[in-house]
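Given the structure is predicted, the values throughout are model-derived calculations rather than measurements.
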Amino acid sequence: MRYSQLLLPTLKETPAEAEVVSHRLLLRAGFIRKLTSGVYTYLPLGLAAIRKVEQIVRQEMNRAGAQEVLLPVVQPADLWIESGRWVKYGPELLRFKDRHERESCLGPTHEEVITDLVRKNVHSYKNLPLNLYQIQTKFRDEIRPRFGLMRGREFIMKDGYSFDGTEDAANATYNKMHEAYQRIFKRCGLSFRAVEADTGSIGGSFSHEFMVLAETGEDTLAICKSGNKAPSGEICNYAANMEKAAGQPPAPLVSEPQLLPLKKIETPGKRKVQAVTEFLGIAPQNLVKTMIYVADGKPVAVLVRGDHEVQPVKLKNMLGAVDVEMADDKQAFGFTGVPTGYLGPVGMKITVVADREVTVMRNFAIGASEKNYHYLNANLGRDFEVSAVGDLRMVTEDDCCPVCGGELEFTKGIEVGHIFKLGTSYSEALQATFLDGNGKEQFFIMGCYGIGVSRTVAASIEQNHDQDGIVFPLPIAPYQVVILNLSPKDEQITQAAEDIYQGLLAAGVEVLLDDRDERPGSKFKDADLIGIPFRVMVGKSFTQEGLIEIRRRDNGQSISVPLSEAVDNLVATIRAELNELSA
RNA sequence: CGGGGCGUAGCGCAGCCUGGUUAGCGCGCCUGCCUUGGGAGCAGGAGGUCGGAGGUUCGAAUCCUCUCGCCCCGACCA
């Protein structure tokens with residue numbers, strides 16, 4: 001491609017709307033333009049980068065035995081009503097009526113459609129396993145779109161769905177996808193981590209997220225940094241997101257301390273943990289706080305140690321609830337008749353559950369369920385009972401790895417992929433069955449596998465940039481090489497640039513020729529900004545010494561070679577680097 | 001949804017508080033000259049219903065009301 005003919009409107013100044021690096025650079029480098037909130041147009045270079053990611057995804061999905069399809073964007077409400085998600089999905093699902101007043105929606109994901117397809121067309125175990133995927137524009141009406149391509153309302157996603165006949169087969173498929181995802185993100189040249197995750201609104205039994213590691217990530221991950229050997233004998237690589245991450249279970253008490261008598265103390269105006277513990281002269285670790293949550297409309301009291309925090313997703317999973325939210329002060333008072341700050345489990349009318357750490361606490365402080373009073377020396381089992389115990393709290397960096405006991409470290413990441421083992425939740429809801437070898441009707445065991453394609457490009461920029469612009473990894477760069485003709489009026493230079501351009505094209509290299517009538521400085525700046533991995537400069541040094549300069553965008557190293565060697569040199573380097581990543 | 005902010009040329013902004021000639025500046029864009037290894041210089045030029053509607057006023061980018069759009073923050077740890 002010749003730069004002079006390319007729609008590549010780079011900007012010297014940063015548009016005011018852009019907050020994060022990837023958004024700023026995507027705009028400045030002329031990759032995207034915003035149409036409206038959370039909705040972007042992809043310009044030629046932006047699209048080229050997206051296509052590169054798509055192509056890697058396709059190759060690896062196909063290699064793993066999946067087949068590509070393309071499902072409709074517009075979907076009838078009926079299917080969503082049938083699966084139960086018309087009600088559950090909430091306002092992110094953009095709904096509308098067509099001219100016949102039929103309820104419809106724009107697909108934010110395609111479990112319903114694919115399950116419908118399979119139930120109508122696959123009826124025998126002989127056709128299993130089946131793994132279908134598509135790469136398509138999705139629409140989710142996000143509450144607050146932000147960060148450009150990182151959290152748009154419209155975005156490009158690869159979503160895949162697998163159908164298996166047995167648990168073993170389904171698990172094998174899941175593992176195969178896990179491997180495919182590892183290969184995909186490695187081939188994209190990204191530094192990433194697979195972490196254990198909650199299954200969220202999609203539902204299912206287990207799940208991993210693929211996170212690109214970057215300071216600006218929206219998610220926090222807990223990863224084991226011990227390098228210890230896990231019981232399995234492998235190096236421990238435990239990693240989980242905050243919704244899922246756990247520490248080691250609490251150590252049992254070495255010796256059972258004497259239980260002291262329960263004692264009611266006046267604590268006027270002391271509501272917050274810090275205020276109460278300071279007033280009582282105890283550590284927050286010796287207080288149990290009582291948090292009121294609303295789970296599917298029903299109140300539940302959650303007990304956690306004073307210095308811990310409830311992890312709502314863990315609570316949701318323990319209760320088997322669809323929706324869990326913390327009650328506000330008014331709701332909490334309505335449920336318990338006690339003002340927040342003095343809530344306690346003794347005499348609590350609503351369901352009480354406890355974090356497992358509470359079970360190893362003795363003689364601790366709690367609210368007295370009465371304004372301005374707390375109890376000292378409360379004990380679980382003697383003074384109150386709970387209906388369930390489990391890991392309900394957020395891990396901290398003080399916790400130890402649940403697998404090997406090593407040190408946990410928190411890092412930020414950007415979710416670019418998510419795989420779920422769904423089980424039979426959708427096949428049951430939509431009555432999708434096949435006949436097994438015994439002629440018995442069975443539900444398909446499903447999995448689903450997503451990759452945020454447009455987000456992957458943004459995440460890559462978050463991870464790979466410098467002051468001058470984007471630094472694309474070679475495999476997803478919109479062009480592999482940019483040739484700068486530094487003196488378009490000089491015939492000798494122009495001819496040399498042209499020769500290299502034709503030579504690279506003939507060798508199948510993706511190359512951009514900057515043939516614009518611009519000063520060299522502008523060309524350098526633009527080349528840096530758009531992040532092309534290899535920059536070839538044809539200028540003075542060619543007319544004077546016959547040398548072509550080849551410079552790497554990532555580390556700035558450059559070499560000078562004779563014209564005759566330029567093409568071969570680049571081709572060899574590019575091949576070698578791509579091979580290394582796809583090995 | 002709540003809170004805050006912004007909307008003036010393609011982009012970035014000033015002007016508004018304290019109403020008053022032809023509404024400015026930088027970048028970009030067009031023409032010419034000049035220059036050519038890190039976003040040069042000179043000269044000339046195009047481009048604005050000041051987001052929209054209504055109101056106050058002799059007079060509104062400026063004051064008031066409504067409206068639309070966009071950006072940022074916010075999911076409550078008692």
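- The base of B:G26 sits within donor-acceptor range of the side chain of A:E13, with an N or O pair under 3.5 Å.
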Does the side-chain contact (heavy atoms from CB on, under 4.5 Å) test come out yes or no for A:I366 and A:L303, once each step is laid out?
CA-CA 10 Å; A:I366 53 172; A:L303 306 182; over 6 Å; no
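- There is a side-chain donor-acceptor pair under 3.5 Å between A:N379 and A:N363.
- A gap of 14 Å separates the C1' atoms of B:G15 and B:G48, to the nearest Å.
- Side-chain proximity of A:M291 to the nucleotides B:C72, B:C71, B:C77 is greatest for B:C77.
- Base pairing of B:G32: its partner is B:C42, meeting the Watson-Crick or G-U wobble criterion (both donor-acceptor distances under 3.5 Å).
- Separating the P atom of B:C42 from that of B:C27 is a span of 9 Å, rounded to the nearest Å.
- Distance alone, capped at 3.5 Å, is enough to place a donor-acceptor pair between the A:R140 side chain and the A:P108 backbone.
- Within 4.0 Å of A:V304, counting heavy atoms only, lies no atom of the nucleic acid at all.
- Here A:E309 lies in heavy-atom contact (under 4.0 Å) with a base.
- Residue A:I143 is in base contact, counting any heavy-atom pair closer than 4.0 Å across all strands shown.
- Heavy atoms of A:Y293 sit under 4.0 angstrom from at least one base atom.
- One C1' atom belongs to B:C11, the other to B:C29, and the distance between them is 11 Å to the nearest Å.
- Contact check, A:R519 against B:A40: a side-chain N or O comes under 4.0 Å of OP1 or OP2.
- The side chain of A:R551 contributes no N or O atom lying less than 4.0 Å from OP1 or OP2 of B:G37.
- Contact annotation: A:S522 does not reach the phosphate of B:G38 (side-chain N/O to OP1 or OP2, under 4.0 Å).
- Only the P atoms considered, B:C6 is 36 Å distant from B:G45, to the nearest whole Å.
- A:T109 and A:K138 are not linked by any side-chain donor-acceptor pair at a separation below 3.5 angstrom, with hydrogens and angles left out of the test.
- No hydrogens or angles were tested; on distance alone, nothing pairs the side chain of A:R535 with the base of B:G37 as donor and acceptor under 3.5 Å.
- Within the 4.0 angstrom heavy-atom criterion, base atoms lie near A:K289.
- Atom-to-atom, NZ of A:K489 to P of B:U35 comes out at 10 Å; the value is rounded to the nearest Å.
- Rounded to an integer number of Å, the gap from A:R28 CZ to B:G28 C1' is 13 Å.
- The base-pairing partner of B:U56, taking Watson-Crick or G-U wobble contacts with both distances under 3.5 Å, does not exist among the strands shown.
- Judged by distance alone, with hydrogens and angles left aside, A:K12 brings no side-chain donor or acceptor close enough to the base of B:C27 to form a pair under 3.5 Å.
- For A:P15, taking side-chain heavy atoms from C-beta onward, the closest of the listed nucleotides B:G12, B:C73, B:C77 is B:G12.
- Defined by atom type and a distance below 3.5 Å, a donor-acceptor pair is missing between the side-chain atoms of A:E462 and A:H465.
- Across every strand in view, B:G37 sits unpaired, with no contact that passes the Watson-Crick or G-U test at under 3.5 angstrom.
- Pairing of B:C6, defined by two Watson-Crick or G-U wobble distances under 3.5 Å, is identified with B:G69.
- Of the C1' atoms belonging to B:G52 and B:C73, the separation is 27 Å, rounded to the nearest Å.
- Of the candidates B:C73, B:G37, B:G39, B:C73 carries the atom nearest the A:R144 side chain, counting heavy atoms from C-beta on.
- Ion pair A:K272/A:E278 not flagged as a salt bridge, since none of the NZ, NE, NH1 or NH2 atoms sits closer than 4.0 Å to an Asp/Glu carboxylate oxygen.
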What's the verdict on salt bridge (charged side-chain N to carboxylate O under 4.0 Å, His left out) for A:E518 and A:K525, showing C-alpha distance, side-chain angles and the deciding distance?
CA-CA 11 Å; A:E518 291 285 340; A:K525 289 290 184 190; over 6 Å; no
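- Comparing B:G37, B:C71, B:G12 against the side chain of A:L486 picks out B:G37 as the nearest.
- Checked against B:G37, B:C70, B:G12, the side chain of A:K34 finds its nearest nucleotide in B:C70.
- Residue side chain A:E549 reaches the base of B:G37 through a donor-acceptor N/O pair under 3.5 Å, judged by distance alone.
- Nucleic acid contact class of A:A527 (heavy atoms, under 4.0 Å, all strands): none.
- OP1 or OP2 of B:G37 has not a single side-chain nitrogen or oxygen of A:S487 nearer than 4.0 Å.
- Per the geometry, CD belonging to A:E142 stands 13 Å off P belonging to B:C72, to the nearest Å.
- A:D490 comes within contact range of no nucleotide atom at all, as no heavy-atom separation falls under 4.0 Å.
- Contact annotation: A:R146 side-chain N/O to B:C71 OP1/OP2 distance is not under 4.0 Å.
- With hydrogens and angles ignored, a donor-acceptor pair under 3.5 angstrom links the side chain of A:S541 to the base of B:G37.
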